[in-house]
Colleague: 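Attaching a single structure in structure tokens format; questions to follow.
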Amino acid sequence: MAESTQMDVETATGGTVPLPPKPTFKPLKAHEMSDGKVQFRKISVPPNRYSPLKKAWLDIYTPIYDQMKVDIRMNLKARKVELKTRADTPDISNLQKSADFVHAFMLGFDIPDAISLLRMDELYVESFEIKDVKTLKGEHLSRAIGRLSGKGGKTKFAIENSTKTRIVIADTRIHILGAFSNIKVARGSLCSLIMGSPAGKVYSKLRSVSARLNE
Amino acid sequence: MATVKYSGIEALEKLKSTEPPVFLAPSSISEVARAVSQYLFTKLKPHDPKSQLDQLWVDGFDTEQIWQQIDMQSQHLLPSLRQEVNRFVKNPEEIRKLANLALKVSHEDDVDEMDMDGFDSDEDNELESNDSEAEDEEEDDEEEEEEDDDGEEEEEEEEEEKDGDNEGIEDKFFKIKELEEFLEEGEAQEYGIDYKNKKGVAKRKNQNLSDDEDEEDDEDEDEDDEFDAFAGGDDEEADKLGRARYDDFFGGKKKETKMKLKDLSEDEEAERENQGNEKLSTHEKARLKLQSKIEQMEKANLDPKHWTMQGEITAAKRPMNSALEVDLDFEHNARPAPVITEEVTASLEDLIKSRIIEARFDDVQRAPSLPTKGKREAKELDDSKSKKGLAEVYEAEYVQKANPAFAPTTLSDELKKEASMLFKKLCLKLDALSHFHFTPKPVIEEMSIQNVPAIAMEEVAPVAVSDAAMLAPEEIFSGKGDIKDESELTQEERKRRRAKKKRKFKAESANEPAKKARDTSAENP
């Protein structure tokens with residue numbers, strides 16, 4: 001075999017084919033993501049939220065369908081709210097936001113408060129139980145819950161207003177909706193209330209903390 | 001004038017015999033005088049070493065010229081004459097010898113004879129005693145002199161001893177004794193004291209002056225005596241120094257000084273005794289006092305000091321309980337406690353009473369704090385359910401951050417605004433009532449539509465009274481058709497109105513259920 005010792009070198013002068021231009025792609029639509037398959041979200045409805053859902057269905061449906069451009073339907077048999085991306089869903093996060101919104105409603109938040117989830121990115125929902133903070137049983141537990149809400153809910157409202165959060169106390173579960181730092185402050189005051197500090201003390205602390213928060 | 005030529009001697013005799021007043025008047029004595037001077041001149045010429053004139057030229061010469069010649073001769077003679085006189089002063093004995101010689105030579109030597117007469121009577125004794133000793137002239141002389149004063153014999157012996165000691169220095173040319181004598185002679189000549197008879201003279205002086213009690217002389221005599229004493233002491237010391245050993249010297253130094261002091265004191269006592277027990281002069285007394293004082297002080301300085309003057313002292317170094325006796329001075333930093341007496345208490349009580357009556361109590365008053373800024377708006381914790389949803393809250397916050405101008409006013413601002421508006425309205429009304437100080441209506445720039453005429457004319461009547469801003473009837477009520485009051489309605493018309501009302505109400509309630517459902521859901525979480 002006759003092998004040429006010389007290498008084949010391509011001359012760069014002239015004759016070279018110009019490289020193709022860099023391709024520009026548009027961002028993928030939600031629809032096209034995951035290889036064009038449709039994405040679903042299913043949120044189960046607890047029994048106590050069934051009738052409120054029925055009442056507020058239109059308030060839920062309208063912003064999701066019109067503004068988020070996500071399909072929504074209620075699966076009565078499975079007692080679930082189903083969300084589906086459409087072809088013209090602009091962003092994949094819309095689906096998630098809608099799911100979060102519906103989920104917040106299911107936890108117990110009001111529609112105007114939950115709508116903020118749709119509008120702002122930085123809002124989160126944090127949930128914890130009373131027993132996570134302190135093991136309380138029987139009457140202590142009841143008293144703790146009473147301390148948390150206060151007379152006519154004023155303690156809860158005070159915390160909500162000062163920290164710009166929304167709080168839902170569902171028996172032994174507590175849900176807080178708001179920005180991260182605000183959630184932290186609200187959680188701190190709630191924990192101190194669970195631990196047993198009087199409301200006045202919590203108020204004073206709230207005042208100082210909220211002033212700092214609002215700076 | 002008859003010029004009788006006399007011979008020299010005869011002329012001299014004649015000159016001697018004339019009365020002194022004759023010399024004053026010009027007379028024949030001048031010839032005689034000239035002759036005499038001539039004679040003397042020729043006699044003295046051999047003694048003159050530098051004689052230039054053979055004789056004294058007198059004839060036809062002026063007195064001045066004659067005198068010049070004599071002067072010339074005498075100038076040459078004077079130094080030798082002086083020496084001779086000094087020699088005679090030292091050695092009067094030589095005058096005698098000379099006198100003997102002179103007597104043998106000529107009888108007419110008047111000058112020597114006169115002197116010799118004076119000395120013969122005094123020194124006959126001395127000459128006789130000194131005939132045996134002729135070799136050492138100095139010793140002879142000194143012994144002659146010192147036989148008058150016994151005290152000087154010791155000195156003489158010591159001087160001889162001294163000569164023996166100083167063999168190394170002296171030789172046949174140089175003798176220290178001679179040197180000393182020479183110095184003493186010089187001093188004696190200068191001060192006019194006969195040095196050999198110094199002591200005798202001094203003592204005679206003492207006797208003379210003690211009667212007068214002259215202080216200055218006393219001082220002089222004291223000085224002289226001390227001088228003598230030192231001289232004697234020095235001589236003694238000089239002997240001892242030559243043979244001194246260390247112990248003698250240093251051990252004996254005290255003795256020597258003591259001896260010196262003793263000598264001094266002895267001399268002083270001696271002179272006091274010599275004074276013949278006279279009472280002390282004031283100066284003497286003062287001096288004695290001063291000296292005793294000085295002695296005392298010196299003694300005190302030498303002794304160890306009293307313990308109070310020794311600086312830092314421990315208890316061991318001072319006698320026991322000595323600090324109690326001494327008046328010590330301490331610096332007390334604390335004020336001493338006040339002594340409570342009846343007067344003090346009475347004064348205090350009076351003060352208290354007066355104060356109570358005046359009601360002037362010195363109560364502590366709170367210091368006025370500085371005027372601080374206005375209290376910051378404490379954000380009240382709103383413990384009622386917030387009317388805004390969370391979204392609106394965040395929206396408001398965002399708007400305030402981004403565009404403060406468009407931010408909706410907070411509750412406090414609104415309240416403030418409302419309050420200020422109310423107050424302004426009140427002020428306006430009050431001003432209108434009074435009307436003395438007319439203030440026009442405050443111009444509030446509002447975008448809202450107001451029922452204001454296009455042209456606002458200034459009217460005489462005040463704003464409160466005038467109807468310029470009133471609405472036209474059509475603007476108040478724009479209704480069509482027949483307007484009837486309730487009392488004017490017929491039954492059918494009433495029924496018609498009621499039915500219309502019901503329909504309206506139903507239509508409204510159909511829209512409301514959604515809202516109401518929402519509210520209930522919110523209330524029951």
Side-chain angles (χ1 to χ4, degrees), chain A residues 48-49 51-59 63 104-105 107-120 122-123 149-170 175 177-179 182 199-200 202-208 210-211 213-214, chain B residues 369 372-419 505-525:
Chain A
N48 60 327
R49 295 304 283 165
S51 49
L53 176 66
K54 273 209 291 197
K55 282 185 187 155
W57 174 250
L58 225 64
D59 292 324
F105 178 79
L107 288 175
F109 290 101
D110 289 339
I111 295 293
D113 303 331
I115 290 269
S116 61
L117 274 168
L118 283 177
R119 293 173 71 174
M120 285 175 76
E122 301 90 28
L123 299 179
S149 21
K151 198 179 228 172
K154 62 182 180 122
T155 316
K156 190 180 82 132
F157 291 137
I159 297 171
E160 281 181 4
N161 292 330
S162 56
T163 60
K164 292 203 201 71
T165 52
R166 291 289 177 260
I167 298 170
V168 167
I169 302 175
H175 312 282
L177 167 68
N182 299 358
V202 172
Y203 281 6
S204 54
K205 198 165 185 186
L206 269 175
R207 266 191 221 103
S208 59
S210 65
L213 259 180
N214 295 336
Chain B
S369 60
T372 55
K373 291 187 284 184
K375 201 175 161 187
R376 260 192 297 171
E377 280 182 22
K379 198 164 186 184
E380 278 291 321
L381 274 175
D382 190 17
D383 53 4
S384 62
K385 187 179 167 73
S386 69
K387 283 126 197 154
K388 288 187 194 174
L390 193 63
E392 279 97 53
V393 169
Y394 279 111
E395 188 186 330
E397 194 185 324
Y398 174 76
V399 165
Q400 196 178 32
K401 275 186 188 172
N403 292 321
F406 290 115
T409 56
T410 57
L411 184 68
S412 60
D413 293 340
E414 282 177 358
L415 284 168
K416 279 182 192 170
K417 267 192 185 173
E418 198 183 329
F505 182 71
K506 266 191 182 168
E508 277 175 17
S509 65
N511 292 336
E512 276 178 11
K515 281 186 195 171
K516 279 185 182 170
R518 211 192 326 160
D519 284 341
T520 52
S521 71
E523 279 169 12
N524 299 328

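Chain identifiers are assigned alphabetically (A, B, ...) following the order of the sequence lines, protein sequences preceding nucleic acid strands; residue numbering begins at 1 within each chain. Note that these values count all heavy atoms, side chains included, but never hydrogens, waters or copies made by symmetry.
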Colleague: Determine the minimum heavy-atom distance between B:Leu390 and A:Asp113, stating which atoms define it.
Modeller: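 Closest pair (atom of B:Leu390, atom of A:Asp113, distance): N-OD1, 2.9 Å.
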
Colleague: Roughly how far apart are B:Glu395 CD and A:Ser116 OG, rounded to 0.5 Å?
Modeller: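 Going from the CD atom of B:Glu395 to the OG atom of A:Ser116 covers 11.0 Å.
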
Colleague: A:Ser51 versus chain B, heavy atoms under 4.5 Å apart: side chain, backbone, both or neither?
Modeller: neither

Colleague: Name all residues meeting the side chain to side chain donor-acceptor pair (under 3.5 Å) criterion together with B:Ser386; count only those two or more places apart in sequence or in a different chain, and write none if there are none.
Modeller: A:Arg166

Colleague: Specify the closest pair of heavy atoms between B:Gly389 and A:Pro112, including all atoms of both residues, with the distance to one decimal.
Modeller: CA-CB, 4.0 Å

Colleague: Measuring heavy-atom distances to chain B, does A:Ala179 have an atom under 4.5 Å in its side chain, in its backbone, in both, or in neither?
Modeller: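 Both parts, backbone and side chain.
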
Colleague: I need the minimum non-hydrogen distance between B:Tyr394 and A:Leu123, along with the two atoms involved.
Modeller: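 Where B:Tyr394 meets A:Leu123 most closely, the heavy atoms are CE1-CD2, 3.6 Å.
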
Colleague: Flag the pair B:Lys385 and A:Asp110 as a salt bridge only when some basic side-chain nitrogen lies within less than 4.0 angstrom of an acidic carboxylate oxygen.
Modeller: yes

Colleague: Would you give the length of the straight line joining atom CD of B:Glu392 to atom CZ of A:Arg119, rounded to the nearest 0.5 angstrom?
Modeller: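 Taking CD in B:Glu392 and CZ in A:Arg119, the distance rounds to 7.0 Å.
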
Colleague: Quick one: CD on A:Glu160 to CG on B:Asp382, what's the gap to the nearest 0.5 Å?
Modeller: 11.0 Å

